[in-house]
J.: 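My structure is below; once you've seen it, I'll send some questions.
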Amino acid sequence: MGFTSNQFIYCIVVIILGLWVSQTVSLTLHDDASMLEKHEQWMALHGRVYKGVGEKERRFRIFKENVKFIHSRNSVRNRSYKLSVNKFADQTNKEFKAARNGYKGRFPLLGKSSRRFMYENVTDVPSSMDWRKEGAVTPVKDQGQCGCCWAFSAVAAVEGLTKLKTGSLISLSEQELVDCDDAGNDQGCDGGLMDDAFVYIKINKGIATNVTYPYEGVDNTCNRKKAASHAAKIKDYEDVPVNDEEALLKAVANQPISVAIDANGSDFQFYSRGVFSGECGTDLDHGVTAVGYGTDEDGTKYWLVKNSWGTGWGEQGYIRLQRDVDALEGLCGIAMDSSYPTA
Ligand SMILES: *[C@@H]1O[C@H](CO)[C@@H](O)[C@H](O)[C@H]1NC(C)=O
Ligand SMILES: *[C@@H]1O[C@H](CO)[C@@H](O)[C@H](O)[C@H]1NC(C)=O
Ligand SMILES: *[C@@H]1O[C@H](CO)[C@@H](O)[C@H](O)[C@H]1NC(C)=O
Ligand SMILES: *[C@@H]1O[C@H](CO)[C@@H](O)[C@H](O)[C@H]1NC(C)=O
């Protein structure tokens with residue numbers, strides 16, 4: 001039996017194709033194997049345990065997609081910030097947003113600009129500010145799977161004000177706000193608004209420490225006895241004029257300020273370091289606290305923002321957000337809805 005030349009070519013093609021397919025399959029398998037190993041290591045690092053094989057497979061697929069996304073974003077050399085495979089790497093962006101954000105703004109916001117703004121005539125604004133260095137910021141906290149960012153944002157602003165007023169830095173109770181505050185839009189783990197939290201603290205005539213009324217990260221009934229313990233008080237609150245980064249600068253130069261941002265997006269979920277320059281929109285969904293501002297080595301201006309997702313996210317729990325961008329709302333809408341308690 002001999003080959004015709006056609007059969008011969010066919011045979012060669014089949015062999016080459018075969019080699020190519022097996023190479024590709026083994027590469028993919030190898031890829032998956034190393035990704036599986038990466039996932040196992042990540043699970044061990046974060047103490048993650050899944051219920052059943054199905055759930056593990058589902059989480060692995062999400063993890064793999066996220067790792068690919070993070071690597072592709074990081075491969076753009078000139079991007080001013082980096083992402084990392086952090087503790088949120090097995091969650092889709094949708095799941096992540098549902099469990100972590102929880103800012104419920106009232107719109108439109110523009111009416112706020114007509115109210116009193118105590119820092120309007122401030123002219124002496126230092127070129128940089130970091131309220132941590134002034135001892136006015138408590139360690140980064142973690143809201144867990146409870147959409148009460150608004151409580152953490154308001155509490156951080158009150159902690160800052162209290163330090164400036166009394167000289168002592170006291171960690172205050174987010175859980176009291178989650179359980180007891182039903183002012184305006186406030187609904188515990190289902191979301192709320194910083195301004196309404198200030199209203200609650202004003203009406204309640206104070207707020208407890210986080211030792212008296214510790215964080216649990218779930219909606220409980222209000223413990224009136226604990227809520228009657230007042231470690232800090234505020235007189236009232238004011239809003240920073242809307243869509244005005246200049247006004248926000250005057251305010252942050254004087255005290256830590258509650259701000260709302262659009263934290264929707266995978267870049268935010270996996271932010272690791274550098275000055276964040278997007279992607280984000282202006283659909284405000286997350287309450288955080290501006291605790292300073294500055295300019296990095298490249299001359300990029302930024303806001304220093306304290307988040308409530310633990311120290312494993314971002315720069316030890318903080319994010320630097322680009323400041324003075326070409327939009328009135330500020331990057332991620334940071335200049336749209338900021339406010340602060342008054343003494
Ligand atoms: C990075 O470089 C690309 C291509 O030169 C440019 O379009 C983009 O604006 C740059 N991005 C930054 C953040 O500098
Ligand atoms: C700012 O200055 C103007 C003009 O002197 C004054 O009317 C206004 O009350 C000042 N605002 C505050 C908050 O002190
Ligand atoms: C109170 O908050 C601080 C961080 O400011 C934290 O270290 C501490 O564990 C918290 N205590 C309680 C009881 O929640
Ligand atoms: C969330 O952000 C992404 C871009 O990062 C955008 O495509 C999407 O429309 C945004 N979704 C909402 C609800 O704002």
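Any value given below was found using the heavy atoms of this structure, including those in side chains, with hydrogens, waters and symmetry copies removed. Small disclaimer: the values here were computed from a predicted structure and weren't measured. Counting convention: from 1, in listed order, for ligands and their atoms alike.
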J.: Look up atom 5 (O) of ligand 2 and tell me if a protein heavy atom lies less than 4.0 Å from it?
T.: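 False for atom 5 (O) of ligand 2.
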J.: For Trp313 together with Phe268, are the ring centres under 6.0 Å from each other?
T.: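 That pair passes the under 6.0 Å test.
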J.: Protein heavy atoms: any of them under 4.0 Å from atom 12 (C) of ligand 2?
T.: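 Given the 4.0 Å limit, the answer for atom 12 (C) of ligand 2 is yes, a protein heavy atom qualifies.
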J.: Looking at Phe117, which atoms of ligand 2 are within less than 4.0 Å of one of its heavy atoms?
T.: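 Under 4.0 Å from Phe117, ligand 2 has these atoms: 13 (C).
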J.: Quick one: NE2 on His286 to OG on Ser308, what's the gap to the nearest 0.5 Å?
T.: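 With rounding to 0.5 Å, NE2 (His286) is 5.0 Å from OG (Ser308).
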J.: State, to 0.1 Å, how close Tyr293 and Ala253 come at their nearest heavy-atom pair, and which atoms those are.
T.: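 Heavy atoms of Tyr293 and Ala253 come nearest at OH-CB, 3.6 Å.
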J.: Quiz question for you: does at least one protein heavy atom lie closer than 4.0 Å to atom 9 (O) of ligand 3?
T.: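 Flag for atom 9 (O) of ligand 3 set to false, no protein heavy atom closer than 4.0 Å.
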J.: Please state whether Tyr119 comes within less than 4.0 angstrom of ligand 2, counting heavy atoms only.
T.: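 No, Tyr119 has no heavy atom closer than 4.0 Å to ligand 2.
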J.: Using distance alone, with no hydrogens and no angle criterion, decide if Asp267 and Tyr81 have a side-chain donor and acceptor under 3.5 Å apart.
T.: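 Tyr81 and Asp267 do have a side-chain donor-acceptor pair below 3.5 Å.
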J.: Verify whether one side chain among Tyr119 and Glu238 offers a donor that lies under 3.5 Å from an acceptor in the other.
T.: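 Checked: Tyr119/Glu238 side chains show no N/O donor-acceptor pair below 3.5 Å.
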J.: Hey, is ligand 3 close enough to Lys141 that some N/O pair sits below 3.5 Å?
T.: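 Between Lys141 and ligand 3 (N or O atoms, distance only) the closest approach is not under 3.5 Å.
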J.: Tell me the protein heavy atom at minimum distance from atom 7 (O) of ligand 3, and give that distance in Å.
T.: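 Among all protein heavy atoms, the one nearest atom 7 (O) of ligand 3 is Pro139 CG, 4.9 Å.
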J.: Would you mind listing which atoms of ligand 3 come within a distance below 4.0 Å of any non-hydrogen atom of Asn210?
T.: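 What qualifies from ligand 3 is 1 (C), 2 (O), 3 (C), 8 (C), 10 (C), 11 (N), 12 (C), 13 (C), 14 (O).
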J.: If you measure every N/O of Arg116 against every N/O of ligand 2, is any gap under 3.5 Å?
T.: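 No, Arg116 has no N/O under 3.5 Å of an N/O on ligand 2.
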J.: Does either side chain, that of Gln175 or that of Lys226, offer a donor lying less than 3.5 Å from an acceptor on the other one?
T.: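 Short answer, no.
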J.: Can Asn66 and Gln269 be counted as having a side-chain donor-acceptor contact under 3.5 angstrom?
T.: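 No pair is found: no donor N or O on one side chain lies under 3.5 Å from an acceptor on the other.
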J.: Quick one: nearest non-hydrogen protein atom to atom 1 (C) of ligand 2, plus distance?
T.: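 Here the closest protein heavy atom is Asn121 ND2, 1.4 Å.
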